[in-house]
Q: 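First the structure, which I've put down as structure tokens, then a few questions once you've had a look.
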Amino acid sequence: MLNRIFCILVCVILQTIVSAQSKAFVSFPSLSPDGKIAYFSYESDIWSVELSSGHCSRITSMQGLESRAKVSPDGKWIAFTSTQFNNADVYLVPSTGGNIQQLTWSDGADLVE
């Protein structure tokens with residue numbers, strides 16, 4: 001119950017931060033293990049927001065649509081789905097941003113769940 005309330009609160013905060021800039025939607029929020037950073041999809045990229053300060057950073061800037069970010073249990077990595085090459089594949093990036101690694105290359109849609 002507490003986790004659900006917290007996720008709703010994070011979505012409201014993220015929507016408030018973004019709504020001043022445009023009418024786009026924030027989707028697929030994922031929290032860091034310590035609950036201090038939320039990762040989310042916005043404008044086809046993965047972003048992070050420090051919940052204490054509201055400071056946002058873009059994590060990805062690829063062609064295609066990046067979504068479904070999931071943080072690793074140790075908080076060091078983010079797995080996400082991207083359509084960079086017109087097919088949904090799974091990628092991995094450090095949680096602070098950096099070099100992106102493609103993990104799948106199948107013809108089917110590979111989605112981070």
Side-chain angles (χ1 to χ4, degrees):
M1 178 68 171
L2 183 59
N3 191 27
R4 183 173 184 216
I5 292 170
F6 187 71
C7 285
I8 291 169
L9 179 60
V10 167
C11 288
V12 169
I13 291 169
L14 294 175
Q15 190 63 41
T16 302
I17 291 168
V18 174
S19 65
Q21 299 172 357
S22 73
K23 295 296 180 188
F25 291 99
V26 171
S27 60
F28 299 105
S30 180
L31 291 175
S32 62
D34 61 8
K36 294 181 179 180
I37 300 173
Y39 299 90
F40 58 94
S41 299
Y42 174 68
E43 290 190 340
S44 302
D45 288 315
I46 304 297
W47 294 73
S48 68
V49 62
E50 295 174 12
L51 298 177
S52 63
S53 68
H55 180 299
C56 286
S57 299
R58 185 184 304 233
I59 301 295
T60 65
S61 183
M62 301 165 59
Q63 297 295 318
L65 171 67
E66 285 84 59
S67 64
R68 300 177 176 268
K70 294 289 183 184
V71 183
S72 65
D74 64 4
K76 294 181 181 180
W77 299 96
I78 302 169
F80 63 95
T81 300
S82 176
T83 59
Q84 167 139 346
F85 301 110
N86 298 321
N87 181 60
D89 284 305
V90 175
Y91 293 78
L92 191 66
V93 65
S95 59
T96 56
N99 292 331
I100 297 171
Q101 303 171 34
Q102 185 172 353
L103 300 180
T104 65
W105 287 266
S106 73
D107 292 335
D110 297 320
L111 304 175
V112 174
E113 295 291 332

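On a predicted model such as this, the values are computed, not experimentally measured, just so you know.
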Q: If you compare all heavy atoms of Pro73 against all heavy atoms of Pro33, which two are closest, and at what distance to 0.1 Å?
A: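 Closest pair (atom of Pro73, atom of Pro33, distance): O-CG, 3.1 Å.
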Q: Is there side-chain contact between Lys36 and Glu50, with at least one heavy-atom pair below 4.5 Å?
A: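 Not touching, per the 4.5 Å side-chain cut-off.
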Q: May I ask you to list the residues sharing a hydrophobic cluster with Leu92, side-chain cutoff 4.5 Å, ordered by chain and number?
A: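 So far as hydrophobic clustering goes, Leu92 is joined with Trp77, Val90, Leu103, Val112.
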Q: Donor-acceptor check, side chain of Ser53 to backbone of His55, threshold 3.5 angstrom: yes or no?
A: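 Looks like yes, one N/O pair under 3.5 Å.
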Q: Test of understanding: with side chain to side chain contact (heavy atoms under 4.5 Å, CB included), list the residues that count as partners of Asn99, not counting sequence neighbours.
A: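 Residues passing side chain to side chain contact (heavy atoms under 4.5 Å, CB included) with Asn99: none at all.
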Q: Are the side chain of Thr60 and the backbone N or O of Met62 linked by a donor-acceptor pair below 3.5 Å?
A: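 No: the side chain of Thr60 does not pair with the backbone of Met62.
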Q: Applying side chain to side chain contact (heavy atoms under 4.5 Å, CB included), name anything that partners Ser95, two or more places apart in sequence or on another chain.
A: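 Scan of Ser95 (side chain to side chain contact (heavy atoms under 4.5 Å, CB included), adjacent residues dropped) gives Tyr39, Ile78.
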Q: Holding to side-chain hydrogen bond (donor to acceptor under 3.5 Å, both in side chains), I want the full list of residues that pass it with Ser52, two or more places apart in sequence or in another chain.
A: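 Here no residue qualifies.
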Q: Roughly how far, to the nearest 0.5 Å, is the CG atom of Asp110 from the CD atom of Gln102?
A: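 Rounded to the nearest 0.5 Å, the CD-CG separation comes out at 9.5 Å.
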Q: Using the side-chain hydrogen bond (donor to acceptor under 3.5 Å, both in side chains) criterion, which residues pair with Asn87? Sequence neighbours excluded.
A: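 So Asn87 forms no side-chain hydrogen bond (donor to acceptor under 3.5 Å, both in side chains) with any residue.
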Q: What heavy-atom pair brings Cys56 and Phe40 nearest, and what distance separates the two atoms?
A: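 Closest approach of Cys56 to Phe40, heavy atoms only: SG-CZ, 4.4 Å.
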Q: What's the spacing between Ser41 OG and Phe28 CZ if we round to 0.5 Å?
A: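 Taking OG in Ser41 and CZ in Phe28, the distance rounds to 6.5 Å.
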Q: In terms of hydrophobic clustering (I, L, V, M, F, W, Y; side-chain heavy atoms under 4.5 Å; direct or indirect links), are Leu65 and Val93 co-clustered?
A: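 Leu65 does not cluster with Val93.
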Q: What pairs of residues pass the ring pair (Phe, Tyr, Trp, His ring centres under 6.0 Å) test when at least one of them lies in residues 81-113, not counting sequence neighbours?
A: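 Qualifying pairs, neighbours excluded: Phe80-Tyr91.
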Q: How would you list, by chain and number, every residue that makes a salt bridge (Lys or Arg N to Asp or Glu O under 4.0 Å) with Asp45, sequence neighbours excluded?
A: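 Counting only residues at least two positions away or on another chain, Asp45 forms a salt bridge (Lys or Arg N to Asp or Glu O under 4.0 Å) with Arg58.
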Q: Who else is in the cluster with Leu111 when I, L, V, M, F, W and Y are joined by side-chain contacts under 4.5 Å?
A: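 The other cluster members (ILVMFWY side chains, heavy atoms under 4.5 Å, direct or chained): none.
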Q: How long is the straight-line distance from CZ of Arg68 back to OG of Ser82, given to the nearest 0.5 Å?
A: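 If I round to the nearest 0.5 Å, the distance is 12.5 Å.
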Q: Could you give all pairs that pass the salt bridge (charged side-chain N to carboxylate O under 4.0 Å, His left out) test and reach residues 69-92, with sequence neighbours left out?
A: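 Counting only pairs at least two positions apart or across chains, no salt bridge (charged side-chain N to carboxylate O under 4.0 Å, His left out) contact touches residues 69-92.
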Q: What residues, two or more places apart in sequence or in another chain, satisfy side-chain hydrogen bond (donor to acceptor under 3.5 Å, both in side chains) together with Thr83?
A: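 Checked Thr83 against side-chain hydrogen bond (donor to acceptor under 3.5 Å, both in side chains); zero matches.
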Q: Show the nearest heavy-atom pair for residues Ser30 and Val71, with the distance to one decimal.
A: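 Smallest heavy-atom distance, with atoms named: OG-N, 3.5 Å.
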Q: Listed by chain and number, what are the side-chain hydrogen bond (donor to acceptor under 3.5 Å, both in side chains) partners of Thr81, not counting sequence neighbours?
A: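 Partners of Thr81 under the side-chain hydrogen bond (donor to acceptor under 3.5 Å, both in side chains) test: none.
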Q: I need the Ser57 OG to Ile37 CD1 distance, nearest 0.5 Å.
A: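 Here the rounded value is 8.5 Å.
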Q: Is there a path from Leu31 to Trp47 through hydrophobic residues (I, L, V, M, F, W, Y) whose side chains come within less than 4.5 Å of each other?
A: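 They do share one cluster, since a chain of ILVMFWY contacts under 4.5 Å joins Leu31 to Trp47.
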Q: Kindly state each residue pair satisfying salt bridge (charged side-chain N to carboxylate O under 4.0 Å, His left out) with at least one member in residues 94-108, sequence neighbours excluded.
A: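 Checked against salt bridge (charged side-chain N to carboxylate O under 4.0 Å, His left out) - neighbours excluded - no pair reaches residues 94-108.
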